[in-house]
Each structure stands twice: as structure tokens, then as C-alpha cells.
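What follows is one structure encoded as C-alpha cells, with my remarks underneath.
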Amino acid sequence: MHSVSLPYLSLMNKFNKIIISLIILTLCSGCTTTHNLYTGEEDLDYGEEFSVFNTIMLPVAIAGIVLIAYGAAHSSNSGSSSISCNGSYCNYDAAWDYLPGSSQYRCRSTVNGQFVLDSYCYGQYKQDNWY
């Protein structure tokens, strides 16, 4: 069974809590026309006023940056998993991997763990080498 390691899930859980807290804090305040945080009428400079557009766009921009950062972190770690080649064919360039979800065997490179053409595993018995 392929799974993501527990430290990665714990890190992402903490990351999500921090991001949600930051978004809630930004939603509690508004923005002015000069991109300052709006705290009340008495703190405004001359010509500065509350801006509905800037207030709405601040959390949208933060959410966009968070999604980009999450996507980059997720894509860079999506290839890593807690499985490794441990079977009798691991000293070859490629070895069979049984995928229980699809009930199929797929050929994997023993160098980087990426799926390769099944012809790379030609001549090997179909046995699960990755667990």
C-alpha cells in the first residue's frame, strides 16, 4: 500500500492551521486606499479612506499565494512515499510493483522509483518488489 509519511502529514496540518489563522486575522481588519490596515476613522491620514476593493482583495491575494505555495510543496513531495524496493529484483534497473488498487503490476525504476515501460521488467517473475 502506498502512503504519505506521517511527518509530512503533521507538517501540512500545522501549515494549514497557520494559514487559516492568518486568513481569519486579515478578514477581521479592512484596508485603506493607501494599502494600510484600517483600524478606525481617527487613524486615517489626509486623503486616505476605507477601501472595499482593497479589503476584499487582501484575503484573495493571500489565498492565491497560499494555494501556489501549497501546490509547489505538494508537487515536490508527491513523488516521495514510504515504500522502497525490497524484493529480489531490486539489484536490476527496474522491478515489478503490485498496485492493489488496480490489481495490476507496473514496472518501476529501482534508481528513482518512477514508473517505466513494462518492457524494462521483461524476464522477471511478476512479484511485488516494492513495499
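Numbers here simply count residues along the sequence, with the first being 1. Only a predicted model underlies this, so the values are computations on that prediction, with no experimental measurement involved.
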Tell me whether D93 at atom CG has more than 12 heavy atoms from other residues, nucleotides or ligands lying less than 6.0 Å away.
no
Under a 4.5 Å cut-off applied to non-hydrogen side-chain atoms, are C107 and F115 in contact?
no
Can you check whether Y98 reaches S103 side chain to side chain, under 4.5 Å on heavy atoms?
yes
Side chain to side chain contact (heavy atoms under 4.5 Å, CB included) partners for S119, two or more places apart:
L117
For V52, side chain to side chain contact (heavy atoms under 4.5 Å, CB included) partners two or more places apart
F50, I56
Ignoring hydrogens and angles, tell me if any N or O in the side chain of R108 forms a donor-acceptor pair with the backbone of A95 under 3.5 Å.
no
Expected output: side-chain N129 to main-chain C90 donor-acceptor under 3.5 Å:
no
Which pair of non-hydrogen atoms, one from L99 and one from R106, has the smallest distance, and what is that distance?
CD1-CG, 3.3 Å
Locate the shortest heavy-atom distance separating D128 from Y131; write the atom from each residue and the value.
O-CE2, 3.6 Å
Across all chains, not counting sequence neighbours, the side-chain hydrogen bond (donor to acceptor under 3.5 Å, both in side chains) partners of Q104 are none
Once side-chain hydrogen bond (donor to acceptor under 3.5 Å, both in side chains) is applied, do any residues pair with N86, and if so which ones, sequence neighbours excluded?
S84
Atom OG1 of T110 and atom CG of D97: how far apart are they, to the nearest 0.5 Å?
12.0 Å
CD of Q127 to OH of Y105, rounded to nearest 0.5 Å, is 8.0 Å
Contacts of type ring pair (Phe, Tyr, Trp, His ring centres under 6.0 Å), residue Y89, not counting sequence neighbours:
Y92
